[in-house]
Colleague: 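Below you will find the structure I want to go over with you.
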Amino acid sequence: MAKRKKLVLVGNGMAGVHVVEHILKLAPDAYEITIFGKEPHPNYNRILLSSVLAGDTDMKEIVLNDWDWYKQNNIQLHAGHEVTGIDPDERKVYTDSGLSASYDELILATGSEAFMLPLPGADKEGVIAFRDMEDCEAMIDASKKYRKAAVIGGGLLGLEAARGLLNLGMEVDVVHIFDHLMERQLDPPASRMLKRELEKQGMRFWMEKQTERIVGRSRASGLRFKDGSSLEVDLVVMAVGIKPRMQLAKASGLQINRGIVVDDFMATSLPHVYAVGECAEHRGTVYGLVAPHREQGAVLAKRLCEVETDPYTGSVVSTQLKVSGVDVFSAGVFRDEPELQSIKVQDEWRGIYKKVLLRENRIVGGVLFGDVSSGPALLRWIRNQEEMTETIHGELAGTPSTAAAPGASVQAMADSEQVCDCNGVCKGEIVEAIREKGLTSLSEVTKWTKAGASCGGCKPLVGQILQLEQGDAYDPAEQQKTPMCSCTTLSRDEVVEAIREKGLTMVKEVMNVLGWEQPEGCPSCRPALNYYLGLIWPEKYEDERESRIVNEQRHANIQNDGTYSVVPRMYGGVTSPAELRRIAEVAEKYQVRMVKVTGGQRLDLLGVKKDDLPKIWDELGMPSGHAYAKAVRTVKTCVGADFCRFGTQDSIQMGIDIEKKYENLYTPHKVKMAVSACPRNCAESGIKDLGVVGVEGGWELYIGGNGGTHLRSADFLCKVESQQEVLDITGAYLQFYRETANYGERTSHWVERIGVEPIKQAVVDDENNRRHLLERLDKTLQRREDPWKADAESSDVRQVWYEEKQVSVQS
Ligand SMILES: Cc1cc2nc3c(=O)[nH]c(=O)nc-3n(C[C@H](O)[C@H](O)[C@H](O)COP(=O)(O)OP(=O)(O)OC[C@H]3O[C@@H](n4cnc5c(N)ncnc54)[C@H](O)[C@@H]3O)c2cc1C
Ligand SMILES: NC(=O)c1ccc[n+]([C@@H]2O[C@H](COP(=O)([O-])OP(=O)(O)OC[C@H]3O[C@@H](n4cnc5c(N)ncnc54)[C@H](O)[C@@H]3O)[C@@H](O)[C@H]2O)c1
Ligand code: SF4
Ligand code: FES
């Protein structure tokens, strides 16, 4: 066998590793491969950091090639090592840590780094970029301690960062230098519509603002602008563009300009040295998106494997913003120019904008807002420089008289045409997977082919291909199905149904029987399955504590310094001198850092060491307030008729009765309740998961309120006369929520998703159904126990869960 040549890759990112993957397919025995990566991680999907920040994906799920992949392919990986020198004569590379490697061929895929504005104060704590896993973790951590974030830069990255920070519960101000957002991709009308939509989502914008300095002592506390205005902040995220990493290339004498200059086969100015990805400049262009990198990589891999290839001549790129609820697409030329013709549809009422630009009747670019379903087709027409026809016009403008039959343009696509740019998947591969594996849903197609697994922009087209393949069997409802998590293609309802039907009783068993992709599951499905099993088998399910979220494992809220907080239950917000005395004694004895009154009318003991938890619970002799759990939390009350001159009812007693009846009940997410004795609503019943308001002759019940980041006023459910009715409807409502909501879904989202009417029907109007709900709830209530008492009394439990080393904070 011929001796393998030595291939060294500098940069373990998406572009470089894609070349290696390609080489392994073309000529698996051609090279002995060594990879150096500065980041201490295996290759991961940088695109999905936005989804991780937004809470839609877990960090573990974005790894593209795990450590085993390198081993299985005999690749020597040096993760966490930066190459700092190249000796082209010796054909060797060197790292700062003293490693070296010889090469026959060398690929530089060093990517980019975030551009940080050189402002006074930019070196302060709390000023970060958004580029890698560490930046993402830093933002998630900051959101646990701080409230106000400013993102500088209203481009793709800045807006995705801003959406993520909003999801993390922060207030977000976006500071942009121009008068319209995403000015590199959008024209003013699309940009205006985008801004309006993002404002509705809760972002605030500071347009045409130039930041002069970042103020604060050691940590950033504000931004000062050149026009004299200023903004208070706790966290500053800079998203003002990127700069290719060229230090290594420069020090090694390679020709550089805006990036490392390469020819049409990705060769640099030095023999046997190539560059690919965000660090490479081809024909004057540096590409900051993965699709062109894949095209470059395919050419380079073929060149290195001596497979004939066309040269790389440049790419037509498209962009799509990954912010849920906002659909924006842009490709090719997007600004109006005198020599271009345009086709525009602007429907501000529906929030739709479409613009297509033509040069001599050929499609050269376009912008879509609100309805981006024709995005993939538009990109194809731009790439093929298609002539505008009645059919295309109809498809774009949505004019029914001229529109082609649905799917006509997909049918016309050649099998070799690329559908997913991010992952390089063509139509033929998708069709083959659908036919051979009998795939019926979009999520299955994504799982098998990877089409749609990154930016998601190609999903409409993948859906159209699926529809075409399935014909009459195509079920639109099936396509709406959201898999429970990335370990499975089954939806929450399908999993719950299968647990019931197949009689599954353990988390691991569910994963095995239902063919989980990751045998251990992930942080999102493990606690969900534990919850569903408890819901379905209330009388026999043995709770799997290790599957719970960390706070529920320890029955206390972990704090940013690794200590815990303890919140004892005070029914209806009422306490006694004896309880207060015990709390004070415990706080002093265990040197609790702070005693704080919570918004739910209880006392929070903050800064408790883990091994002190069971002792404190024992000495307090008070039940757990479940302030850490997805469970029934507080019932806040106003002083009511006994004390207040406006009171019509005894709100305190009602609150105590509700809390006593439903304490220790686990729910899909936390449930906060309140009882006010008159419509003045001093207990804030209008922003609770369940709010009760005393009125003349009875009580009104309100549901689905939320006082958090996304304020939502509760919806009126019903009016009843007696205290028993309040208790019963509350119980039925809690059980209906437990049975029908997704694990992790607050009532505010659930009520919006399924509507108030079906809930009213199930828990108020249909008395029979209410009775059944209460019977089922009762089975769970029978087996409840106070977790603090149970843990404090069991020495085994204390040893396993409280007496080992302090755990680090988990997200
Ligand atoms: C949050 C976010 C969202 C994005 N979303 C999208 C999107 O939706 N669509 C899209 O197309 N693109 C998106 N991008 C851009 C896309 O991720 C990049 O274009 C792509 O990852 C670049 O790949 P690369 O391999 O060229 O560079 P990089 O990903 O930067 O990888 C280069 C690697 O090389 C390492 N390295 C550098 N120098 C050395 C050295 N001397 N020695 C050893 N190692 C070294 C670096 O540490 C890095 O790990 C996004 C980027 C971010 C940050
Ligand atoms: N969905 C996607 O495709 C996606 C998502 C995230 C990132 N990315 C890629 O990552 C890279 C980085 O993204 P980016 O958004 O930082 O780059 P960018 O260059 O596209 O946008 C930077 C934005 O910051 C603004 N800006 C510059 N200086 C400023 C200042 N002093 N104050 C306020 N605003 C200022 C610019 O006007 C511009 O709109 C790009 O290559 C981008 O394509 C792509
Ligand atoms: S809600 Fe009404 S009854 Fe209760 S304290 Fe306020 S004003 Fe008084
Ligand atoms: S084009 Fe980005 S996931 Fe397919």
Side-chain angles (χ1 to χ4, degrees), residues 9-18 35-39 41 43-53 78-85 93 95-96 108-115 117 119 129-132 135-136 151-161 164 174-178 180-185 206 208-211 238-242 244-249 276-280 286-294 296-297 317-323 328 376 379 418-425 446 450-459 461-462:
L9 167 66
V10 180
N12 192 24
M14 295 174 78
V17 174
H18 172 247
I35 302 181
F36 290 89
K38 198 171 154 191
E39 295 182 72
H41 312 289
N43 171 239
Y44 65 89
N45 191 335
R46 201 174 297 285
I47 295 181
L48 291 180
L49 287 177
S50 305
S51 310
V52 173
L53 190 72
H78 299 294
H81 293 271
E82 177 175 5
V83 172
T84 45
V93 297
T95 71
D96 52 354
L108 301 182
T110 50
S112 299
E113 55 204 353
F115 175 64
L117 294 170
L119 299 172
F130 184 20
R131 180 72 197 172
D132 55 29
D135 295 332
C136 195
V151 177
I152 307 184
L156 289 159
L157 186 67
L159 298 178
E160 289 180 14
V174 177
V175 178
H176 193 54
I177 198 159
F178 292 112
H180 77 267
L181 297 170
M182 278 177 60
E183 79 287 347
R184 292 175 189 194
Q185 292 87 13
W206 297 63
E208 296 182 83
K209 287 277 175 191
Q210 254 180 296
T211 312
M238 283 212 203
V240 290
I242 48 177
R245 276 206 198 87
M246 297 190 294
Q247 300 87 329
L248 179 64
V276 70
E278 257 180 18
C279 65
V286 175
Y287 294 96
L289 296 165
V290 297
H293 304 159
R294 293 190 74 88
Q296 297 173 349
V317 293
S318 70
T319 47
Q320 198 148 343
L321 184 68
K322 304 193 295 298
V323 167
V328 204
L379 179 62
Q418 188 143 303
V419 172
C420 176
D421 278 355
C422 291
N423 299 292
V425 189
T446 297
K450 298 279 174 261
S454 294
C455 75
C458 59
K459 279 188 175 170
L461 185 54
V462 180

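Atoms within a ligand are numbered from 1 in the order they appear, just like the ligands themselves. Start at 1 with the first residue, then count along the sequence. Computed from a prediction, not measured in an experiment: that's the story for all the values here. All values below were derived from every heavy atom in this structure, side-chain atoms included, with hydrogens, water molecules and symmetry-related copies excluded.
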Colleague: Between His81 and ligand 1, which residue portion shows a heavy-atom distance shorter than 4.0 Å: side chain, backbone, both, or neither?
Modeller: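 For His81, the contact with ligand 1 is made by the backbone alone.
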Colleague: One residue to check: Thr84. Relative to ligand 1, which of side chain, backbone, both or neither has a non-hydrogen atom less than 4.0 Å away?
Modeller: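 Thr84 to ligand 1: no contact under 4.0 Å from either part.
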Colleague: Would Gln320 count as a polar contact of ligand 1, with the cut-off being nitrogen or oxygen pairs under 3.5 Å?
Modeller: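 No, since none of the N or O atoms of Gln320 sits under 3.5 Å from an N or O of ligand 1.
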Colleague: What residue and heavy atom of the protein are closest to atom 44 (C) of ligand 2, and at what distance?
Modeller: Leu156 CD1, 3.7 Å
Colleague: Quick check: Leu248 and ligand 1, any N/O pair under 3.5 Å apart?
Modeller: no
Colleague: Are Cys422 and ligand 1 in contact, using a heavy-atom cut-off of under 4.0 Å?
Modeller: no
Colleague: Give the residue and atom name of whichever protein heavy atom lies nearest to atom 17 (O) of ligand 2, and the separation in Å to one decimal.
Modeller: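 Answer, as residue, atom name and distance: Gly241 CA, 3.4 Å.
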Colleague: Are any of the N or O atoms of Glu278 closer than 3.5 Å to those of ligand 1?
Modeller: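 Right, the criterion is met.
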Colleague: Out of Leu9, Thr110, Leu108, Val83, whose heavy atom is nearest to atom 41 (N) of ligand 1?
Modeller: Val83
Colleague: Could you list which atoms of ligand 2 come closer than 4.0 Å to a heavy atom of Glu183?
Modeller: 36 (C), 37 (O), 38 (C), 39 (O)
Colleague: Note the single closest protein heavy atom to atom 25 (C) of ligand 2, along with its residue, its atom name and the distance in Å.
Modeller: His176 CE1, 3.7 Å
Colleague: Which option, Leu159, Ile177, Leu49, owns the non-hydrogen atom nearest atom 33 (C) of ligand 2?
Modeller: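 Among Leu159, Ile177, Leu49, the closest heavy atom to atom 33 (C) of ligand 2 belongs to Ile177.
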Colleague: Decide whether the shortest distance between a heavy atom of Ala239 and an atom of ligand 2 is less than 4.0 Å.
Modeller: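 A heavy atom of Ala239 does come that close to ligand 2.
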Colleague: Any idea which of Leu289, Val328, Thr211 brings a heavy atom closest to atom 3 (O) of ligand 2?
Modeller: Leu289
Colleague: Among all protein non-hydrogen atoms, which one is nearest to atom 12 (C) of ligand 2, and what is the separation to 0.1 Å?
Modeller: Ile242 CG2, 3.8 Å
Colleague: Are Phe36 and His81 an aromatic pair, judged by ring center distance below 6.0 Å?
Modeller: no
Colleague: If the cut-off is 4.0 Å to any non-hydrogen atom of Ile152, which atoms of ligand 2 fall inside it?
Modeller: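 In order of number, 32 (N), 33 (C).
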Colleague: Could you say whether the N/O atoms of Arg46 and ligand 1 ever approach to under 3.5 Å?
Modeller: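 N/O-N/O distance under 3.5 Å: yes.
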Colleague: Tell me whether Glu160 has any N or O atom under 3.5 angstrom from an N or O of ligand 2.
Modeller: yes
Colleague: Answer yes or no: does an N/O atom from Val276 fall short of 3.5 Å to an N/O atom of ligand 1?
Modeller: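 No, Val276 has no N/O under 3.5 Å of an N/O on ligand 1.
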Colleague: Give the single entry among Met14, Arg294, Lys38 that approaches atom 36 (N) of ligand 1 most closely by any heavy atom.
Modeller: Lys38
Colleague: Just jot down the ligand 2 atoms closer than 4.0 angstrom to any heavy atom of Lys322, in number order.
Modeller: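 Ligand 2 atoms under the 4.0 Å threshold to Lys322: 1 (N), 5 (C).
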Colleague: Which option out of Leu119, Leu157, Ile47 puts a heavy atom nearest to atom 7 (C) of ligand 2?
Modeller: Leu157
Colleague: Could you check atom 9 (C) of ligand 2 against the protein and tell me its nearest heavy-atom contact, residue, atom and distance included?
Modeller: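 Result for atom 9 (C) of ligand 2: Gly288 O, 3.6 Å.
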Colleague: Test of understanding: given a 4.0 Å heavy-atom threshold, classify the contact between Ala109 and ligand 1 as side chain, backbone, both, or neither.
Modeller: backbone
Colleague: For atom 21 (O) of ligand 2, find the nearest protein heavy atom and state the residue, atom name and distance (0.1 Å precision).
Modeller: Gly155 CA, 3.9 Å
Colleague: Do Lys209 and ligand 2 have an N or O pair less than 3.5 Å apart?
Modeller: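 Between Lys209 and ligand 2 (N or O atoms, distance only) the closest approach is not under 3.5 Å.
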Colleague: Applying a heavy-atom cut-off of 4.0 Å, say which part of Ala161 lies close to ligand 1: side chain, backbone, both or neither.
Modeller: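 Under 4.0 Å from ligand 1, Ala161 contributes no heavy atoms.
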Colleague: Provide the tally of protein N/O/S atoms nearer than 2.8 Å to atom 4 (Fe) of ligand 4.
Modeller: 2
Colleague: Nearest protein heavy-atom contact for atom 19 (O) of ligand 2: which residue, which atom, what distance?
Modeller: Arg184 NH1, 2.6 Å
Colleague: I need the nearest protein heavy-atom contact for atom 9 (N) of ligand 1: residue, atom name and distance, please.
Modeller: Ile47 CD1, 3.7 Å
